[in-house]
Amino acid sequence: MQTTDPLKQMWQQHAIRGDGEDAAALEAWRRHRQHAAQRQLSAFGAMQVMRLLFWLALAIYCGSIWWPRPPLAVMLSAMALHAYCVAVIIASAARLHLRRQLHADQPVLDQSRNLAALRLQTAAGELLLGLPWCWLWLAVPVLVAWQAWGVDLSVFATRWLLISLVAGAALMTALLVLARRWHRRAPQSPRLQRALDALSGRRLARARAELDAVRAWKAD
């Protein structure tokens, strides 16, 4: 089968002639693509480290609020946000563990397989971690009001807090149902598909594209 890709044409010609110069050029191109993927993964790892440190600091802060047992609404808000911080920390640590399993000297197929696992875990994790914010955002004004002015919002806005909490829980349930549906069958809307793909991280998507190019080149 003929190909219009000049690099692949060079590889096919090299397979016939055994030209060492072409082989060296193609090997340099392969290394360049793999190094580009490694740069994207390094940036992804750095982002995960910063994310982990941020949520660790927030977890300590929330713990300092609910531990002295403030008013019930404040304590529940701080405990909920603290639990969320712990979940994000665990997810970030798991991603960093998978990231460390990707090395530049690995075979391309192994890299692609590990990267696919990392993208899947990142996309699923971001989706699941985003759902609680349908109602978890209520913790922010409650904590800010208590820390800044010593005001317990549950005393002045009980109905508003309860309605928002119920509505948020209902929205989270609906989104979870849709997420399970999309997991079994990809959405037909290209925009929605791109939005879901973005959950796995732009850097991971670019890294996978680099490795897929190398794999396709070697397969032809």
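Just so you know, these numbers use all the heavy atoms, side chains as well, and skip hydrogens, waters and symmetry mates. Sequential numbering from 1 along the given sequence is applied to the chain's residues.
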Q: Kindly indicate whether the side chain of L58, heavy atoms from C-beta on, has any atom under 4.5 Å from the side chain of V88.
A: no
Q. If every non-hydrogen atom of W66 is compared with every non-hydrogen atom of A78, which pair is closest and at what distance?
A. CB-CB, 3.7 Å
Q: Mind checking the OG-CE spacing from S92 to M47? Nearest 0.5 Å is all I need.
A: 10.0 Å
Q. In the single-linkage hydrophobic clustering (I, L, V, M, F, W, Y; side-chain heavy atoms under 4.5 Å), do V140 and W149 co-cluster?
A. yes
Q: Flag yes if W133 and L128 sit in one hydrophobic cluster, no otherwise; membership is Ile, Leu, Val, Met, Phe, Trp, Tyr, and two members link when side-chain heavy atoms are under 4.5 Å apart.
A: yes
Q: Could you tell me the separation between the CG atom of L138 and the CG atom of L153, rounded to the nearest 0.5 Å?
A: 10.0 Å
**Q.** Y84 side chain reached by L129 side chain, heavy atoms, under 4.5 Å
**A.** yes
Q | Closest non-hydrogen atom pair, H82 against C62 | A | CB-CB, 3.9 Å
Q) Quick one: OH on Y61 to SG on C85, what's the gap to the nearest 0.5 Å? A) 11.0 Å
Q) Is any side-chain heavy atom of C134 closer than 4.5 Å to a side-chain heavy atom of L175? A) yes
Q. What are the two closest heavy atoms between A73 and V142, and how far apart are they?
A. O-CG1, 3.9 Å
**Q.** Value rounded to 0.5 Å, distance of CD1 in I65 from CE in M75
**A.** 12.5 Å
Q) Is there a chain of hydrophobic side chains (I, L, V, M, F, W, Y, each step under 4.5 Å between heavy atoms) that links M172 to V166? A) no
Q. Of all heavy-atom pairs between L56 and I89, which one has the smallest distance, and what is that distance?
A. CA-CD1, 3.6 Å
Q.
Evaluate L52 against Q48 for side-chain contact (heavy atoms from CB on, under 4.5 Å), listing each step before the verdict.
A. CA-CA 6 Å; L52 191 151; Q48 293 303 311; over 6 Å; no
Q: Mind checking the CD-CD spacing from E126 to Q121? Nearest 0.5 Å is all I need.
A: 10.5 Å
Q: Would you kindly confirm whether V86 and V49 end up in one hydrophobic cluster when ILVMFWY residues are joined by side chain heavy atoms under 4.5 Å apart?
A: no
Q: State whether the number of non-hydrogen atoms from other residues, nucleotides or ligands found under 6.0 Å of W160 atom CH2 is greater than 12.
A: yes
Q) Transitively linked via ILVMFWY side-chain contacts under 4.5 Å: M79 with L143? A) no
Q.
How close do S42 and R99 get, counting heavy atoms only, and between which atoms?
A. OG-NH2, 3.5 Å
Q | Closest heavy-atom pair and its distance - D152, W146 | A | N-CE3, 4.2 Å
**Q.** Straight-line distance of L165 CG to L136 CG, nearest 0.5 Å
**A.** 10.5 Å
